[in-house]
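Step one of this worksheet: look at the structure below.
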Amino acid sequence: MTEALMRDLDFTGIDINPLAVLVCEAKAAIDSGSDIEGAAQTLLKALRLDVSETIDADFPGRTKWFDHESAVKFSALRRAILCVNEAGARKVMWTVFAETVRLCSNSRTSTYKLHIRKPDDRVPADKVIETFEAHLRQALIRVREYRSLLGARSSSRPSVKILCEDVRKAQLDWAATEHQVMVTSPPYGDNQTTIPYGQFSYLAMRWIPEDDLPGSVAAELRLNTNSLDSASLGGTVRAAEEKEEALRALSPHFDSFTREAEKCGQRRAVRKVSSFIGDFSDALRHLRTHPPSSAHWVLTTGNRTAAGVTVPFDAICRDIVVSLGGKPIASLRRQLPNKRMPSRNSQGVMITTETTMIVEFA
């Protein structure tokens with residue numbers, strides 16, 4: 001998104017995660033000139049005057065993930081942010097708040113999953129406001145740096161559309177005459193067995209008022225720690241057999257993968273893989289047919305191991321885009337230098353390399 005805006009290119013982003021969309025909306029607000037420094041001053045003034053000891057949010061697990069004293073501090077921050085009237089600037093404040101939740105809750109920061117910290121590793125309540133203010137200062141510095149890079153635009157501001165929707169069903173209104181450049185690094189697999197973005201977002205989403213979260217179903221997606229991950233690609237194994245059958249006909253590499261799983265006696269164990277790739281294929285088909293304009297796609301994928309069987313996701317992805325009329329014109333592979341994921345999990349060896357494929361649609 002940032003690269004598109006700096007080049008005066010129209011941008012459309014799609015994500016089912018309300019917190020991810022909120023962060024993008026905050027970036028758009030910075031780009032459009034929202035008064036972020038004024039919002040920070042309003043917030044800090046309200047925070048200094050707040051002497052309430054009430055806790056303004058209640059949700060399942062709140063007392064587990066936040067000690068009473070910390071919940072009081074987060075409530076004060078929440079009230080102060082709500083004193084910012086301009087919606088765009090308030091979204092920037094919520095992104096700083098979300099980072100503070102990540103750093104100061106009782107969940108470990110070493111993993112995307114919600115795991116309780118040991119008592120001696122918890123952040124003291126008196127560090128909550130301090131952490132927020134430190135990250136707010138950093139945010140203000142980055143806002144100034146970004147705006148100095150933009151300088152004076154030579155043309156009108158590009159269009160920005162950020163959709164908080166399921167990418168398989170998103171309402172798209174792209175013009176068929178426009179050339180599309182689609183850039184994505186899709187999940188390696190379903191969230192529950194790879195990176196649980198829903199769990200990662202849950203605590204912040206429960207503190208942020210529903211009216212300030214994007215999307216029409218934010219309440220459903222933050223209902224519990226698994227709601228968002230279950231709604232994401234591959235989040236359910238319902239109809240996994242039908243998806244597998246369709247994929248085997250479409251992708252020779254997926255067919256080889258399922259045959260290998262059968263030989264290893266792991267056919268049932270890889271149903272979530274079939275479900276995820278089936279959903280991913282549906283998403284690409286939806287993006288390609290609404291509307292079918294000329295395009296270049298850039299897809300970065302990784303090959304994970306599930307139930308002891310390597311999933312050739314890069315090759316399967318190639319089969320899918322070819323079936324949609326795409327022509328792969330380049331492929332780059334790189335080692336992953338650092339990851340916030342273990343080298344192994346219950347599903348097997350984790351990903352250490354990624355492949356970026358560039359596809360052309362005439």
Test item: [X] and [Y] side chains (from C-beta on) under 4.5 Å apart, heavy atoms:
{"X": "F254", "Y": "S274", "value": "yes"}
{"X": "L19", "Y": "L228", "value": "no"}
{"X": "R144", "Y": "I141", "value": "yes"}
{"X": "S75", "Y": "W207", "value": "yes"}
{"X": "L9", "Y": "P158", "value": "no"}
{"X": "F11", "Y": "D31", "value": "no"}
{"X": "M1", "Y": "V160", "value": "yes"}
{"X": "T301", "Y": "M357", "value": "no"}

Please answer whether the main-chain N or O of [Y] pairs with a side-chain N or O of [X] as donor and acceptor at a distance below 3.5 Å.
{"X": "S275", "Y": "R271", "answer": "no"}
{"X": "D319", "Y": "H253", "answer": "yes"}
{"X": "R78", "Y": "I208", "answer": "no"}
{"X": "D35", "Y": "A89", "answer": "no"}
{"X": "R108", "Y": "R117", "answer": "no"}
{"X": "R285", "Y": "L324", "answer": "no"}
{"X": "R147", "Y": "I30", "answer": "yes"}
{"X": "H135", "Y": "T100", "answer": "no"}
{"X": "S251", "Y": "L247", "answer": "no"}

- Would you please indicate yes or no on a ring centroid separation below 6.0 angstrom for W65 and Y202?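 Ring-ring flag for Y202/W65: false, centres at least 6.0 Å apart.
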- Kindly say whether the aromatic ring centers of F74 and F97 come within a distance under 6.0 Å. yes
Check this for me, if you would: do [X] and [Y] make a salt bridge, where the nitrogen-to-carboxylate-oxygen distance has to be below 4.0 angstrom?
{"X": "E145", "Y": "R142", "result": "no"}
{"X": "E262", "Y": "R259", "result": "no"}
{"X": "E244", "Y": "R248", "result": "yes"}
{"X": "E165", "Y": "K169", "result": "no"}

Which pair of heavy atoms, one from [X] and one from [Y], lies closest together, and at what distance?
{"X": "T109", "Y": "L103", "value": "CG2-CA, 4.1 Å"}
{"X": "T111", "Y": "H115", "value": "CG2-CD2, 3.7 Å"}
{"X": "A26", "Y": "V92", "value": "O-CG2, 3.6 Å"}
{"X": "N85", "Y": "R90", "value": "O-NH1, 3.1 Å"}
{"X": "P209", "Y": "W94", "value": "CD-CZ2, 3.3 Å"}
{"X": "T236", "Y": "K243", "value": "O-NZ, 4.5 Å"}

For atom [atom1] of [X], is the number of surrounding heavy atoms from other residues, nucleotides or ligands below 6.0 Å larger than 12?
{"X": "R268", "atom1": "CZ", "value": "no"}
{"X": "R318", "atom1": "CZ", "value": "no"}
{"X": "K272", "atom1": "NZ", "value": "yes"}
{"X": "E241", "atom1": "CD", "value": "yes"}

Atom pair [atom1]/[atom2] of [X] and [Y] - distance to nearest 0.5 Å:
{"X": "K73", "Y": "F66", "atom1": "NZ", "atom2": "CZ", "value": "15.5 Å"}
{"X": "D314", "Y": "R333", "atom1": "CG", "atom2": "CZ", "value": "5.5 Å"}
{"X": "E260", "Y": "T310", "atom1": "CD", "atom2": "OG1", "value": "8.5 Å"}
{"X": "S281", "Y": "I320", "atom1": "OG", "atom2": "CD1", "value": "4.0 Å"}
{"X": "C83", "Y": "M93", "atom1": "SG", "atom2": "CE", "value": "13.0 Å"}
{"X": "I162", "Y": "D15", "atom1": "CD1", "atom2": "CG", "value": "10.5 Å"}

Donor-acceptor pair between [X] and [Y] side chains, under 3.5 angstrom:
{"X": "T12", "Y": "D10", "value": "no"}
{"X": "N224", "Y": "S227", "value": "yes"}
{"X": "S293", "Y": "E178", "value": "no"}
{"X": "S70", "Y": "R122", "value": "no"}

- What's the verdict on side-chain hydrogen bond (donor to acceptor under 3.5 Å, both in side chains) for S107 and S105, showing C-alpha distance, side-chain angles and the deciding distance? CA-CA 5 Å; S107 180; S105 75; 4.8 Å; no
- Item | Test side chain to side chain contact (heavy atoms under 4.5 Å, CB included) applied to L47 and L77, step by step | CA-CA 7 Å; L47 192 59; L77 284 172; 3.9 Å; yes
- Task: With side-chain hydrogen bond (donor to acceptor under 3.5 Å, both in side chains) as the test, would you mind laying out the steps for T356 and T300 before giving the verdict?
- Result: CA-CA 4 Å; T356 298; T300 299; 2.9 Å; yes
- salt bridge (Lys or Arg N to Asp or Glu O under 4.0 Å) between R168 and D166: does it pass, once the steps are laid out? CA-CA 5 Å; R168 294 166 291 178; D166 185 333; 2.7 Å; yes
